[in-house]
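Accompanying notes for the structure given below.
So that the names make sense, note that chain A is the first sequence line, chain B the second, and so on, each numbered from 1.
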There are 2 protein chains.
Amino acid sequence: MTLQLDPRQNHLLAALPRDKYERLAPHLERVDLTLGESLVESGMMMRHVYFPTDCIVSLLCVMETGDSTEIAVVGAEGIVGISLFMGGETTPSRAVVQSAGTAYRLKGQLLKDEFDRASTLQFLLLRYTQALITQMAQTAVCNRHHSLDQQLCRWLLLSLDRLPTNELVMTQELIANMLGVRREGVTESAGKLQKAELISYHRGRIRVLDRPGLEARVCECYPVVKKEYDRLLSYHRPG
Amino acid sequence: MTLQLDPRQNHLLAALPRDKYERLAPHLERVDLTLGESLVESGMMMRHVYFPTDCIVSLLCVMETGDSTEIAVVGAEGIVGISLFMGGETTPSRAVVQSAGTAYRLKGQLLKDEFDRASTLQFLLLRYTQALITQMAQTAVCNRHHSLDQQLCRWLLLSLDRLPTNELVMTQELIANMLGVRREGVTESAGKLQKAELISYHRGRIRVLDRPGLEARVCECYPVVKKEYDRLLSYHRPG
DNA sequence: CTTGCTGTGTACGCTAACGCACGGAAACGA
DNA sequence: TCGTTTCCGTGCGTTAGCGTACACAGCAAG
């Protein structure tokens with residue numbers, strides 16, 4: 001595992017031309033992220049942006065009551081901390097590690113400098129941000145119109161797409177927090193999937209047994225987001 | 001009314017330095033938009049971006065079933081067509097005129113050229129886009145956690161903020177489409193507000209009688225979005 | 001082996017919102 | 001003036017998801 005680690009497992013970094021990448025590379029700092037760790041707090045100034053390589057980060061809106069909702073999820077295809085280059089510096093949302101792993105971080109100012117050169121990096125980051133916007137919009141739609149069963153499928157598939165394995169370390173309680181629903185609701189929906197032999201569940205470990213089965217149950221929100229990510233982030237990897 | 005019309009009623013255009021504005025001004029084309037008109041269709045390439053001056057445009061996600069949900073609303077503070085400068089060219093959502101009025105449009109390529117100069121315009125548009133992202137995220141949260149009553153208040157206030165008057169031309173049917181709920185649900189919630197003498201409602205015309213009353217009933221989603229817009233879009237108007 | 005904690009299953013009443021159906025009233029057009 | 005359409009109000013059975021409560025099984029620490 002350790003041997004394989006390379007910042008360019010992150011797709012954005014991988015898509016940079018060699019010279020631009022090498023300008024940034026010395027400043028990339030490896031960080032090992034643990035489940036539940038918070039990378040960004042609501043309204044707090046960030047010092048770094050994070051490029052995940054094999055972890056997943058959830059963007060959450062937390063409300064006054066403490067209830068929360070995941071509005072998007074970021075993996076190796078993306079970056080955490082878009083407000084740094086978008087110009088707002090802060091956001092009213094949190095970023096929490098949903099699946100432990102590694103990321104590379106970069107000082108905000110360095111990223112911003114590179115971004116402001118109207119470089120390849122700017123091009124990549126803006127397209128990525130547009131994909132992220134689509135994910136958020138579709139989350140809003142899904143929250144409004146689709147059943148918990150469908151939302152759970154969507155969530156599993158989105159997570160799965162960002163993991164190297166088909167096993168996912170996550171309690172029902174945490175999933176409930178992400179989806180902004182009751183834990184018992186997740187138990188019930190997950191139970192259905194288990195009975196259908198699409199997943200197998202055991203004390204905080206989910207194994208996905210039948211991915212096509214999940215795709216058959218999921219609402220349109222998942223394919224809409226997936227297609228948009230594919231479309232917007234399918235640049236060639238340069239030499 | 002006609003006399004007052006000036007592209008610089010749009011806040012983004014107004015915030016441009018004089019020389020940059022005058023470079024764009026000859027290419028700004030006035031368009032009068034009618035209720036229900038569609039500016040952008042899902043997946044369709046756009047030729048123009050639109051700067052509203054006194055109209056409101058809704059960004060909608062439409063699903064296979066025909067059900068829709070508003071994910072954000074744009075008025076004189078913003079621009080319609082962010083995917084043109086974000087780089088994706090298209091989006092999977094629609095943009096529909098929610099309140100008739102005027103906008104100024106600009107050929108996409110001209111905007112993109114100006115944007116790519118890393119100009120003031122780029123700065124403004126990116127900050128605006130971040131604000132828009134917040135609005136979408138909060139819409140997702142609101143859809144998940146808050147009652148229709150609260151959501152209606154939020155919607156009314158967001159619309160009100162983008163109108164010069166306290167009167168709003170909009171049937172309950174249309175509001176229901178925006179919020180992604182049943183028409184009857186809107187009837188009921190609006191009825192409550194009417195009984196409380198916060199609004200008065202009559203065949204597609206809503207007058208807001210007691211704005212503080214609405215603000216007292218609305219969920220936190222409204223102030224969160226409002227504050228973020230104020231924070232991100234409070235640049236000085238140049239000489 | 002016991003104790004305690006964490007994660008999961010289940011049950012029950014409750015409520016907001018849904019789908020559907022209908023009625024009436026205001027505007028509109030001929 | 002009369003019919004038609006648009007818009008709003010209301011009622012009713014249904015349902016998904018909520019809040020609460022509790023039972024139980026794995027797992028870890030003592």
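The CD atom of B:E188 sits 13 Å away from the P atom of D:dC12 (whole-angstrom rounding). At whole-Å resolution of the value, CE in A:M170 and P in C:dT6 are 17 Å apart. In this entry the distance linking CG of A:L168 with C1' of C:dG7 reads 16 Å, nearest Å. For the pair A:Q150 CD and D:dA16 P, the computed distance is 12 Å after rounding to whole Å. Here C:dG9 presents its C1' atom at 10 Å from NZ of A:K195, a figure rounded to the nearest Å. Here the P atom of nucleotide C:dT8 and the CD1 atom of A:I199 are 11 Å apart, to the nearest Å. The nearest whole Å value for the distance from the CG atom in B:N177 to the P atom in D:dC8 is 12 Å. The OH-P distance, from A:Y201 to C:dT10, rounds to 14 Å in whole Å.
In this view, A:N143 and B:R144 satisfy the side chain to side chain donor-acceptor pair (under 3.5 Å) rule, not counting sequence neighbours.
Taken to the nearest 0.5 Å, the CE atom of A:M46 stands 8.5 Å off from the CD1 atom of A:I82. Here the CG atom belonging to B:L84 is positioned 6.5 Å from the CE atom belonging to B:M45, to the nearest 0.5 angstrom.
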Under the criterion salt bridge (Lys or Arg N to Asp or Glu O under 4.0 Å), I'd like the reasoning laid out for A:D161 against A:R211: C-alpha separation, chi angles, the key distance, then a yes or no. CA-CA 11 Å; A:D161 285 343; A:R211 190 186 159 119; 2.9 Å; yes
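Judged purely by distance below 3.5 Å, without hydrogens or angles, the side chains of B:D149 and B:S147 never pair a donor atom with an acceptor atom.
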What string of B, S and - do you get for nucleotides 18-30 of chain D, 5' to 3', when a contact is any protein heavy atom under 4.0 Å? BBBB---BBS---
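Nucleic acid contact for B:T171: sugar-phosphate only, since backbone atoms but no base atoms lie under 4.0 Å from a heavy atom of the residue.
Across the interface with DNA chain C, nearest-nucleotide mapping of B:D149 and A:R205 shows A:R205 to be the residue nearer the 5′ end.
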